[in-house]
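Single-structure report; data block below.
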Amino acid sequence: VKELLTPVPTHELVVSEVFGPTFQGEGPSLGRRCSFLRLGGCNLACRWCDTSYTWDWSGKNGVRYDPSTELRREDWGKIWQDLMACGTDMLVISGGEPLLQQQALLPLLETCRDVGWRVEIETAGTIEPSPMLTDLVDGFNVSPKLANSGNVLRARLNVHALEALQSSGKASWKFVAVEPIDLDEVAVVVEQFGLQPVYVMPEGIAADVITERARALAEPVLRRGWNLTTRLQVLLYGNRRGV
Ligand code: SF4
């Protein structure tokens with residue numbers, strides 16, 4: 001297990017799952033046909049995380065997952081074969097926190113660029129992307145975590161990383177909100193770092209919860225001049241893995 005979680009050579013990635021075709025379920029590309037690469041490991045520990053199986057080896061969120069069954073080290077060439085079999089032209093890299101493995105992602109992303117695939121990376125925005133990675137990515141879907149995530153401030157907000165992502169010109173900002181009062185905290189972060197475009201997404205892993213919270217958030221989000229995103233994968237499939 002220790003070996004599985006140590007830094008990997010540049011041709012290998014620590015993988016949770018590869019799946020597709022499916023839809024991008026959140027943010028500015030919501031509804032686009034794509035494939036997903038979900039990587040293992042995270043530097044945060046959100047109390048409402050819906051992918052705890054990629055990082056929670058201590059049972060902090062209620063279930064103690066086993067990395068030796070949840071994760072695998074895989075050569076990027078094998079991952080590319082699996083992605084091509086999905087039959088899409090867009091890759092979404094999620095996690096966990098994908099930027100923990102940004103160096104090892106480069107060969108895969110170069111291949112995506114060579115064949116004209118669109119690439120989006122989902123990140124919590126706590127790790128600065130390298131110029132090489134930024135060059136190969138079409139969009140960063142950055143989701144800075146609020147106090148409702150349960151992470152301490154210094155862990156969830158990294159000034160340098162937020163500034164680098166905003167200045168890349170490739171970031172959109174997706175804030176997970178439970179209720180309208182959360183938007184006050186979003187406004188502070190948005191204003192401090194000049195973030196745009198801003199999306200607010202209701203927290204939840206059940207369709208009725210997502211719908212109810214989206215309805216409560218809709219008007220306040222409009223009034224602030226922001227965008228609203230739902231979680232299409234939850235509305236379609238519930239809290240299932242690999243869809
Ligand atoms: S940053 Fe994402 S993957 Fe990591 S704990 Fe938070 S929600 Fe889960």
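Start at 1 and go down the list; that is how both ligands and their atoms are numbered. The basis for the numbers below is simple: all heavy atoms, side chains too, and nothing from hydrogens, waters or symmetry mates.
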Decide, yes or no, whether a salt bridge links Glu26 with Lys174 under the criterion of side-chain N to carboxylate O below 4.0 Å.
->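 Answer for the salt bridge query: yes.
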
Quick one: ring pair (Phe, Tyr, Trp, His ring centres under 6.0 Å) pairs with a partner in residues 204-243, sequence neighbours left out?
-> none

Report whether Leu37 and Val137 are members of the same hydrophobic cluster (ILVMFWY, side-chain heavy atoms less than 4.5 Å apart, transitive linking).
->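 Leu37 clusters together with Val137.
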
Do you reckon Ile210 sits in the same ILVMFWY cluster as Leu30, going by side-chain contacts under 4.5 Å, direct or chained?
->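 No: no chain of side-chain contacts under 4.5 Å links Ile210 to Leu30.
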
Is the number of heavy atoms from other residues, nucleotides or ligands within 6.0 Å of CZ (Arg241) greater than 12?
-> yes

So, Trp55 and Glu97: side-chain donor and acceptor under 3.5 Å apart, yes or no?
->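 Their side chains do not contain a donor-acceptor pair, so the 3.5 Å distance test is not met.
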
Who are the residue neighbours of ligand 1 when the rule is a heavy atom under 4.0 Å from any of its atoms?
-> Cys42, Leu44, Ala45, Cys46, Trp48, Cys49, Thr51, Trp55, Gly96, Ala124, Lys145

